[in-house]
Amino acid sequence: MGTWSSRGLRGSTLEDMINMTNESYREKKLGLIQKIPTPITPVKIDESTRHITLAYFEKQSTVDYIGAVQGIPVCFDAKECAATTFPMMNIHEHQIHFMEDFERQGGVAFILLFFSQLDEIYYIPFCDIKRFYERSVSGGRKSFTYDEIDKSYLLTSSKGILIHYLEGIQKDLNRREE
């Protein structure tokens with residue numbers, strides 16, 4: 001089991017851990033994954049500090065990360081959850097459509113979900129996300145629970161890699177072949 005706080009990461013965000021992982025993957029030539037910036041239009045800038053104090057989003061973002069791992073296109077979003085229930089409203093319809101289109105083109109889409117209360121990070125394959133999404137839009141439960149996710153997708157650190165999500169990708173690919 002991964003105890004992230006024991007590795008001196010208390011206070012680090014999930015995004016920081018993913019960025020460090022992506023840098024390790026790049027250095028080890030395992031993959032090239034980049035954070036996708038959300039496009040904004042500044043409205044107000046503090047002239048003394050040159051900081052943006054007011055802005056709006058230009059368009060809806062797709063996912064947080066995109067790239068390739070050993071020749072396989074990947075895209076994913078990073079989510080955090082303080083409880084053991086994850087509301088589907090935290091995954092937007094346009095993100096579902098983007099991930100679905102991405103997989104149709106031969107890519108692998110997924111979500112990395114950090115259950116902060118449990119100090120556990122899971123790889124959630126897109127097929128599971130889609131199933132939870134379809135249930136929510138067809139009048140069913142509007143969330144999924146910790147008990148509903150596949151615990152074999154628990155991610156840990158390994159060989160200097162904080163969130164070894166390549167293991168989740170491999171397991172996902174193996175499951176697709178079965």
Side-chain angles (χ1 to χ4, degrees), residues 1-5 9-22 31 33 35-36 38 57 59-67 69 72-158 161-178:
M1 298 258 171
T3 11
W4 309 104
S5 57
L9 294 172
R10 189 167 299 232
S12 289
T13 65
L14 176 61
E15 186 175 301
D16 291 338
M17 292 189 290
I18 292 169
N19 292 341
M20 287 184 255
T21 296
N22 290 342
I33 308 294
K35 173 92 172 88
I36 303 297
T38 304
F57 296 111
K59 61 181 182 176
Q60 295 175 327
S61 64
T62 51
V63 291
D64 293 333
Y65 295 89
I66 198 162
V69 173
I72 300 166
V74 298
C75 76
F76 64 94
D77 217 49
K79 303 288 186 187
E80 294 188 43
C81 183
T84 55
T85 300
F86 184 81
M88 285 307 297
M89 68 181 200
N90 290 346
I91 304 171
H92 304 286
E93 183 178 8
H94 67 274
Q95 292 178 306
I96 297 289
H97 293 310
F98 180 83
M99 289 189 280
E100 189 169 42
D101 290 345
F102 195 86
E103 288 219 334
R104 238 184 244 121
Q105 294 298 320
V108 175
F110 56 95
I111 288 176
L112 294 182
L113 179 55
F114 177 42
F115 287 99
S116 57
Q117 184 181 21
L118 303 172
D119 205 21
E120 294 179 355
I121 299 175
Y122 285 88
Y123 175 105
I124 313 288
F126 178 68
C127 62
D128 292 350
I129 295 300
K130 186 175 179 188
R131 181 170 41 89
F132 297 139
Y133 176 76
E134 287 174 350
R135 177 177 72 185
S136 74
V137 297
S138 64
R141 184 183 180 103
K142 307 288 186 220
S143 61
F144 63 89
T145 67
Y146 174 80
D147 292 334
E148 290 182 273
I149 63 170
D150 184 341
K151 302 305 182 296
S152 72
Y153 282 102
L154 173 67
L155 300 176
T156 59
S157 58
S158 174
I161 297 172
L162 293 175
I163 305 171
H164 202 12
Y165 63 83
L166 292 188
E167 292 175 346
I169 293 171
Q170 187 61 60
K171 187 179 300 259
D172 190 356
L173 291 171
N174 291 345
R175 185 168 87 174
R176 292 170 191 217
E177 291 175 3
E178 293 173 355

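Residue numbers start at 1 and run along the sequence shown.
- Of the charged side-chain nitrogens involved, none lies within less than 4.0 Å of a carboxylate oxygen, so that R131 and E148 do not count as a salt-bridged pair.
- Annotation for G107 and R176: closest pair O-NH1, 3.8 Å, computed over non-hydrogen atoms.
- Residue L155 holds its CG atom at 11.5 Å from CD1 of I161, rounded to the nearest 0.5 Å.
- In terms of the side-chain contact (heavy atoms from CB on, under 4.5 Å) criterion, residue partners of Q117 (sequence neighbours excluded) are, by chain and number, T84.
- Side-chain atoms of T145 and D147 form no donor-acceptor pair, as typed in the model, at a separation below 3.5 Å.
- With rounding to the nearest 0.5 Å, the separation of CD1 in I91 from CD1 in I111 is 3.5 Å.
- Checked by atom type, the side-chain pair N174/E178 shows no donor-acceptor distance below 3.5 Å.
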side-chain contact (heavy atoms from CB on, under 4.5 Å) assessment of E93 paired with Y133: CA-CA 9 Å; E93 183 178 8; Y133 176 76; 3.1 Å; yes

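- Atom OG1 of T21 and atom NE2 of H164 lie 9.5 Å apart (nearest 0.5 Å).
- E120 approaches Y122 most closely through the heavy-atom pair OE1-OH, 2.8 Å.
- In this structure, S143 and R135 approach most closely via the heavy-atom pair O-NH2, 2.7 Å.
- Atom CD1 of I149 sits about 4.0 Å away from atom CD1 of I124, to the nearest 0.5 Å.
- Ring-plane geometry between F110 and Y165 is classed as tilted, the angle between the planes lying from 30 to 60 degrees on a 0 to 90 degree scale.
- A pairwise comparison of heavy atoms in P87 and T85 identifies CD-O, 3.6 Å as the closest pair.
- Closest approach of I129 to M88, counting heavy atoms only: O-CE, 3.9 Å.
- Residues satisfying the side-chain contact (heavy atoms from CB on, under 4.5 Å) test with E134, not counting sequence neighbours, are K130.
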Mind listing the side-chain donor-acceptor pairs of residues 73-81 below 3.5 Å, one per line with the distance, residues two or more places apart or on another chain?
{"from": "D77", "atom 1": "OD1", "to": "D64", "atom 2": "N", "distance (Å)": "2.8"}
{"from": "D77", "atom 1": "OD2", "to": "K79", "atom 2": "NZ", "distance (Å)": "2.9"}
{"from": "D77", "atom 1": "OD2", "to": "Q95", "atom 2": "NE2", "distance (Å)": "3.3"}
{"from": "K79", "atom 1": "NZ", "to": "N90", "atom 2": "O", "distance (Å)": "2.6"}

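- Between atom CD of residue Q105 and atom CD of residue E103 there is a gap of 11.5 Å, rounded to the nearest 0.5 Å.
- Panel note: side chain K151, backbone Y146; a donor-acceptor pair is recorded below 3.5 Å.
- Taking every heavy atom of both residues into account, S116 and A82 meet most closely at OG-CA, 3.3 Å.
- Between Y123 and Y153, the ring planes lie parallel to each other; the angle is under 30°, not in the 30° to 60° tilted range.
- The closest side-chain donor-acceptor pair between Y65 and N19 falls under 3.5 angstrom.
- Atom OG of residue S157 and atom CE of residue M20 lie 12.0 Å apart, to the nearest 0.5 angstrom.
- Residues L162 and D16 fail the side-chain proximity criterion, which asks for heavy atoms closer than 4.5 Å.
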